[in-house]
Amino acid sequence: MTSPVWHPFTQHGLGDPIPLIARGEGARLYDADGNHWIDAISSWWVTTHGHAHPRIMAAIRDQSERLDQLIFAGWTHEPAETLAAELIRITPDPLTRVFFSDSGSTSVEVALKMALGYWYNIGEARSRILVLEHSYHGDTIGTMSVGERGVYNRAWQPLLFDVDTIPFPHEGLEQSTLDALEAACAAKPAAFIVEPLILGAGGMLIYPAWVLAEMRAICARHGVLFIADEVMTGWGRTGTRFACDQAGVIPDIVCLSKGLTGGSLPLAVTLCIEPIFAAHFSTDRAKTFYHSSSYTANPIACAAANANLAIWRDEPVQQRIEALADAQGAHLAMLSHDPRVAKPRRLGTIAAFDIIVPDSGYLSNLAPRLIAFYRDEGVLLRPLGNTVYVMPPYCTASAELNRIWSAIASSLGKIEAT
Ligand SMILES: *Cc1c(COP(=O)(O)O)cnc(C)c1O
């Protein structure tokens with residue numbers, strides 16, 4: 001009997017095998033027969049300290065014996081209060097408020113709604129959103145609207161709202177990005193949303209910290225709200241806890257999810273500066289921020305996030321990140337002279353390069369063939385078109401990293417046959 005499960009981003013018509021995973025530990029995923037795979041992409045960028053981290057699992061067990069779920073409109077609980085206070089403590093002072101939701105996409109939806117709610121409530125007609133070319137902010141209608149248009153969202157194009165797109169700051173062309181942003185800001189848009197330092201789903205496209213800082217400064221000069229989508233970049237991926245830290249950038253709104261719970265349970269937050277909260281603060285009910293989802297600030301997920309924050313406080317997370325970043329750099333350097341490798345690049349723990357092939361569109365069969373090859377080699381990798389990237393959990397041992405990169409090296413040897 002075939003499974004009734006309809007998997008995300010999966011073309012079932014191609015009949016690829018779908019491994020059944022029974023257990024995860026550290027950087028490894030095991031099936032029931034004891035076969036294992038190295039999770040080289042942190043289960044789609046969420047797992048930071050490794051699968052089934054004992055402290056996070058213990059926090060989940062402990063919280064599940066006290067309070068499982070609570071309506072969060074007008075009620076509160078200790079795990080959410082502790083988490084919000086701690087998030088405010090570890091982020092820059094101007095960020096004073098924490099709004100909970102349950103996925104990266106909803107944290108972005110909340111950010112956009114906060115931005116428009118702010119302008120609406122202070123009585124200024126601003127509703128346009130500026131976005132960066134090649135961005136990805138999620139798969140809901142609103143987040144697709146602010147992301148790159150293409151094959152992934154063609155069917156829904158008629159529903160997507162209009163945005164103004166700023167060109168990606170390619171090396172040598174940074175000034176044209178800044179000029180375009182400056183010009184677009186003059187038209188008084190509501191907000192600019194950006195993935196800081198690296199565009200993930202867009203192909204691991206890296207741009208310098210000074211460009212991020214300049215973009216932030218331009219928005220500040222024009223009073224345009226600056227939204228940092230740190231859903232992927234947050235929690236150490238880029239080498240610092242948050243990517244904005246490297247640029248000295250303080251956004252007006254920040255979206256966090258993925259590694260917020262160490263990658264164990266779905267949870268997201270949208271942090272904002274006080275004036276945005278203040279614009280909704282009133283005795284007038286019409287100024288209420290009308291947004292909620294059923295599992296907003298789920299207590300068990302909040303407990304998992306508190307355990308993540310405790311790990312960041314108590315364990316040498318930063319050293320692990322630096323060691324992993326160095327090792328990734330060394331592996332990448334060894335491949336970078338291969339004639340099939342283009343644009344080797346790294347930001348913190350994220351290493352990526354492009355494979356030179358004659359036909360490299362996402363829908364060509366290169367990526368699916370690579371995914372199958374790596375799967376057979378015991379490595380979970382999922383190239384984006386012809387971009388191969390490695391984004392492992394911080395606990396990945398050097399022997400495991402060797403296995404990942406030797407699978408990549410052997411895949412290059414197969415390219416001629418593709
Ligand atoms: C993954 C991602 C999202 C969406 O998060 P989901 O939890 O998958 O909804 C949004 N923004 C960025 C930058 C992401 O990488």
Side-chain angles (χ1 to χ4, degrees), residues 7-10 39 41-48 99-115 129-150 152-153 156 160 163 165 168 191-207 212 215 226-238 241-244 249 251 253-271 291 293-298 301 304-305 308 347-350 352 382-385 387 389-391:
H7 289 266
F9 273 75
T10 300
D39 189 351
I41 60 163
S42 299
S43 278
W44 244 353
W45 319 347
V46 300
T47 309
T48 50
F99 193 93
F100 286 94
S101 62
D102 43 27
S103 74
S105 299
T106 50
S107 74
V108 172
E109 294 277 356
V110 164
L112 298 172
K113 286 176 76 171
M114 273 181 180
I129 304 291
L130 307 182
V131 308
L132 201 58
E133 183 190 18
H134 304 310
S135 294
Y136 176 81
H137 298 289
D139 280 338
T140 57
I141 297 294
T143 58
M144 282 192 296
S145 299
V146 293
E148 184 78 1
R149 311 289 166 99
Y152 314 103
N153 46 43
W156 311 294
L160 306 187
V163 295
T165 304
F168 179 82
F192 175 48
I193 180 163
V194 70
E195 292 167 83
L197 301 187
I198 179 166
L199 276 55
M204 300 298 156
L205 304 175
I206 299 170
Y207 63 93
L212 181 64
M215 293 194 299
F226 185 89
I227 305 172
D229 176 354
E230 293 245 22
V231 169
M232 185 278 271
T233 51
W235 309 106
R237 293 290 178 199
T238 69
R241 178 152 31 198
F242 302 117
C244 284
V249 157
I253 301 177
V254 183
C255 305
L256 300 173
S257 185
K258 292 196 169 126
L260 172 59
T261 58
S264 62
L265 284 175
L267 185 70
V269 289
T270 308
L271 274 61
H291 186 95
S293 46
S294 305
Y295 290 104
T296 297
N298 173 266
N308 169 46
L347 181 65
T349 68
I350 307 167
R382 201 182 159 95
L384 296 153
T387 300
Y389 70 92
V390 182
M391 195 194 294

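In each ligand, atom 1 is the first atom listed, and ligand 1 is the first ligand listed.
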Heavy-atom contacts with Glu195 under 4.0 Å: which atoms of ligand 1 show up? List them by number with element.
13 (C)
The atoms of ligand 1 lying under 4.0 Å from a heavy atom of Ser103, numbered in the order shown, are 7 (O), 9 (O)
Might you check, step by step, whether the distance between atom 8 (O) of ligand 1 and some protein heavy atom is under 4.0 Å?
no
Separation between CG (Asn298) and CG (Asp102), nearest 0.5 Å, reads 9.0 Å
To the nearest 0.5 Å, how far apart are CG in Asp229 and OG in Ser257?
9.5 Å
Is ligand 1 less than 4.0 angstrom away from at least one heavy atom of Trp45?
yes
Short side-chain donor-acceptor distance under 3.5 Å, Glu230 and Thr233
yes
Under 3.5 Å between some N or O of ligand 1 and some N or O of Gly104?
yes
Considering non-hydrogen atoms of the protein only, which is the closest contact for atom 3 (C) of ligand 1, and what is the distance?
Val231 CG1, 3.7 Å
Please list the nearest protein heavy atom to atom 4 (C) of ligand 1 with its residue and the distance rounded to 0.1 Å.
Ser105 N, 3.5 Å
Candidates Ile193, Ile198, Asp229, Leu199; heavy atom nearest atom 12 (C) of ligand 1 found on Asp229
So which of Lys258, Glu109, His137 gets nearest to atom 1 (C) of ligand 1, if we judge by its closest heavy atom?
Lys258
